[in-house]
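For reference, the structure discussed in these notes is given below.
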There are 2 protein chains.
Amino acid sequence: MGIIERKEREKEQRREEIISAAEKVFMEKGLPAATMDEIAELAELSKGTLYLYYKSKEDLYVAVTMRGGEILYKLMAEATSPQKPVLERIKGLGDAYFEFFQKHRQYFRMYRYMDNPQVHKQVSEEMLGACKAKDQRIWNLGVNLMQQAIDEGLIQSRVAPVEAIVMLWAISDAMMRQIDGNSDYWKQLNVDLESTLKRSYEFILEGMMTKKGKHKFQPLKTAEEIAS
Amino acid sequence: MGIIERKEREKEQRREEIISAAEKVFMEKGLPAATMDEIAELAELSKGTLYLYYKSKEDLYVAVTMRGGEILYKLMAEATSPQKPVLERIKGLGDAYFEFFQKHRQYFRMYRYMDNPQVHKQVSEEMLGACKAKDQRIWNLGVNLMQQAIDEGLIQSRVAPVEAIVMLWAISDAMMRQIDGNSDYWKQLNVDLESTLKRSYEFILEGMMTKKGKHKFQPLKTAEEIAS
DNA sequence: CCGTAAACTGACCGACAGTCAGTAGATTCA
DNA sequence: TGAATCTACTGACTGTCGGTCAGTTTACGG
């Protein structure tokens with residue numbers, strides 16, 4: 001009785017096809033300007049069918065952003081895989097986020113546009129739950145890493161791991177938004193936000209380190225600086 | 001010939017009345033769910049008239065947010081008025097932003113929702129220009145203050161004043177967004193983002209100080225801590 | 001009191017999210 | 001094989017809303 005399974009598979013495939021079409025339209029036009037008719041046409045389906053698979057336009061939007069979330073997760077997971085010293089990996093986490101920002105700008109924008117109450121209200125509970133779960137996994141990568149750095153005595157134990165990661169995330173996120181949205185403005189002021197971000201990240205990270213941590217990290221940094 | 005002037009005054013008054021009505025509706029429903037019909041009814045005008053005064057729904061939205069910008073400016077201007085030591089005032093700038101966030105949450109949200117390309121496209125050039133000007137004034141408060149602190153030898157001269165302020169702003173802004181939008185999530189993790197924000201702000205500020213600055217600032221801080 | 005200009009109106013338009021009665025095609029069963 | 005049933009899909013239709021504009025009202029000047 002492989003029929004039910006096949007149907008299930010086909011259904012899943014349809015869901016993905018719809019996401020692919022929606023992705024194109026949302027990225028090109030943004031949520032408000034995109035239309036379900038256009039997505040339907042691109043997906044070679046009728047509009048009604050879209051609503052059999054997704055509850056609302058916003059639901060579909062969130063489904064698309066979750067692809068971006070998966071990319072971000074993979075980038076970060078790779079950056080934190082244990083082949084380098086812990087502090088390097090924390091640094092790498094920030095780099096991974098920045099890489100996501102640079103190479104998947106459209107996803108970054110969608111992701112950022114999403115966390116808005118206006119959008120949330122139109123999204124199904126399941127979708128919201130799946131989204132939270134994906135977010136959770138991403139945060140956990142950072143929190144675990146930070147915990148490890150504390151355990152190894154490289155980061156001061158007085159800072160909670162969650163708070164430490166939140167700080168690093170906050171500085172990155174806010175600056176990336178500025179880079180993305182107001183780059184003209186900052187260029188005109190001769191402010192290079194990208195390097196400001198890099199320096200801020202390291203500045204905060206170093207501020208949280210123990211003496212032992214600084215000893216371990218500093219040589220690596222200066223070697224890097226010499227190379228450049 | 002006071003008639004022309006009176007007309008001008010009345011026109012300005014209409015503009016303000018419309019903003020007041022719009023403010024109510026936008027704050028209650030948010031940009032997408034608010035309707036021009038509802039705003040018109042509340043303003044006791046026809047919908048057509050709204051469009052004589054504002055180019056689009058988004059234009060009106062931005063006009064409302066500028067009231068919030070004015071409030072923020074005043075709070076910050078007050079915090080930076082020269083009656084306290086410079087470093088205290090930089091600290092006060094952060095507190096002012098947080099006060100704005102707490103006491104004028106709706107404005108904060110509108111302000112944050114605005115810096116989105118989807119909205120920008122529908123807004124008139126004049127409105128956008130007026131908005132930029134208001135933003136500029138706010139940034140300048142901080143930049144000037146920081147410059148003064150550097151001149152007084154309290155902040156390291158290697159950090160550019162703009163960059164220093166951007167850092168402090170970034171950490172505040174990103175965390176406030178989290179507090180506003182995901183407070184349940186963080187509460188459940190037992191993370192007090194508000195105190196994290198306060199500590200982060202001071203942490204970054206102190207990191208930028210010279211030894212002289214730290215000497216001047218530290219005693220004030222500890223005195224405060226003893227009091228609490 | 002009339003002519004003109006400015007302010008205002010609201011019926012109307014096009015666009016779009018979302019719905020649902022109906023259709024086509026696959027699957028099951030006699 | 002053919003009828004019955006079930007499932008996926010369709011697209012015309014509805015209600016809503018942003019924006020427009022021909023026409024009306026009001027205010028002013030001569």
Side-chain angles (χ1 to χ4, degrees), chain A residues 1-19 21-22 25-26 28-64 113 116 118-124 127, chain B residues 1-19 21-22 25-26 28-64 113 116 118-124 127:
Chain A
M1 256 324 104
I3 288 176
I4 291 174
E5 290 151 26
R6 197 199 71 213
K7 290 248 169 175
E8 209 58 49
R9 244 191 354 263
E10 281 174 358
K11 224 167 173 175
E12 192 50 44
Q13 199 181 326
R14 268 272 184 284
R15 285 182 74 87
E16 287 300 317
E17 283 168 13
I18 291 171
I19 290 183
V25 177
F26 282 135
E28 192 182 327
K29 313 232 168 152
L31 176 55
T35 72
M36 291 301 266
D37 284 297
E38 193 177 347
I39 293 169
E41 196 176 352
L42 199 64
E44 293 174 309
L45 289 168
S46 77
K47 186 160 60 159
T49 304
L50 299 189
Y51 285 92
L52 293 175
Y53 288 89
Y54 297 95
K55 206 186 146 208
S56 68
K57 188 185 176 186
E58 286 74 14
D59 218 44
L60 182 49
Y61 188 83
V62 173
V64 175
Y113 190 75
N116 164 285
Q118 298 300 322
V119 178
H120 270 70
K121 266 185 288 185
Q122 312 288 334
V123 181
S124 66
M127 196 61 78
Chain B
M1 260 323 104
I3 287 175
I4 291 174
E5 290 153 24
R6 198 200 70 214
K7 289 249 168 175
E8 209 56 48
R9 240 186 4 258
E10 281 175 356
K11 223 167 174 176
E12 192 49 42
Q13 200 181 325
R14 267 273 184 285
R15 286 182 72 88
E16 287 300 317
E17 284 168 11
I18 291 170
I19 290 183
V25 178
F26 282 135
E28 192 181 327
K29 313 231 167 155
L31 176 55
T35 73
M36 291 301 267
D37 283 297
E38 192 177 348
I39 294 169
E41 195 176 353
L42 199 65
E44 291 173 312
L45 289 168
S46 75
K47 186 160 60 160
T49 305
L50 298 189
Y51 285 91
L52 294 175
Y53 289 88
Y54 296 95
K55 206 186 147 207
S56 67
K57 190 187 179 186
E58 286 75 14
D59 217 45
L60 182 49
Y61 188 83
V62 173
V64 174
Y113 189 75
N116 163 285
Q118 297 299 323
V119 178
H120 270 70
K121 266 186 286 184
Q122 311 288 332
V123 181
S124 67
M127 195 60 79

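Proteins get letters first, then strands, A, B, ... in listed order; numbering begins at 1 in each. In this text the structure is predicted, and so the values were computed from the model without any measurement.
Taking atom CD of A:E58 as the reference point, atom P of C:dC16 lies 15 Å away to the nearest angstrom. Across the protein-nucleic acid pair, B:R9 atom CZ and C:dA6 atom P stand 19 Å apart, rounded to whole Å. One can place NZ of B:K57 at 9 Å from P of D:dC17, the figure rounded to the nearest angstrom. Summarising the geometry, the separation between CD on B:E12 and P on C:dA7 is reported as 13 Å, rounded to the nearest angstrom. Regarding B:K55, its NZ atom lies at a distance of 14 Å from the C1' atom of D:dG18, rounded to whole Å. Taking atom CD of residue B:E8 and atom C1' of nucleotide C:dA7, one finds them 13 Å apart after rounding to whole Å. Distance B:E41 CD to C:dG10 P: 11 Å, rounded to the nearest Å.
Scanning all heavy atoms of the two residues, the minimum distance from B:Y51 to B:M36 falls at OH-CG, 3.5 Å.
Remark: B:K29 pairs with B:E38 by the salt bridge (charged side-chain N to carboxylate O under 4.0 Å, His left out) rule, at least two apart or across chains. For the side-chain hydrogen bond (donor to acceptor under 3.5 Å, both in side chains) test, no residue two or more places apart in sequence or in another chain qualifies with A:E12. Not counting sequence neighbours, the partners of A:E58 by the side chain to side chain contact (heavy atoms under 4.5 Å, CB included) test are A:L31, A:S56, A:V119, A:Q122, A:V123. Residues passing the ring-ring contact (aromatic ring centres under 6.0 Å, His included) test with A:Y61, sequence neighbours excluded: A:F26. Take A:E28 and apply the side chain to side chain contact (heavy atoms under 4.5 Å, CB included) test, not counting sequence neighbours, and it matches no residue. Residues that satisfy the salt bridge (charged side-chain N to carboxylate O under 4.0 Å, His left out) test with B:E10, not counting sequence neighbours, are B:R6.
Residue pairs meeting the salt bridge (charged side-chain N to carboxylate O under 4.0 Å, His left out) criterion with at least one partner in residues 41-57 of chain A, sequence neighbours excluded, are A:D37-A:K47.
Taking every heavy atom of residues 28-39 of chain A and every atom of DNA chain C, pairs under 4.0 Å involve A:A34, A:T35, A:M36, by number.
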Provide a list of protein-nucleic acid N or O atom pairs under 3.5 angstrom, restricted to nucleotides 8-11 of chain D.
from: D:dC9; atom 1: OP1; to: A:R14; atom 2: NE; distance (Å): 2.7
from: D:dC9; atom 1: OP1; to: A:R14; atom 2: NH2; distance (Å): 3.1
from: D:dC9; atom 1: OP2; to: A:Y53; atom 2: OH; distance (Å): 2.6
from: D:dT10; atom 1: OP2; to: A:S46; atom 2: N; distance (Å): 2.8
from: D:dT10; atom 1: OP2; to: A:S46; atom 2: OG; distance (Å): 3.4
from: D:dT10; atom 1: OP2; to: A:T49; atom 2: OG1; distance (Å): 2.8

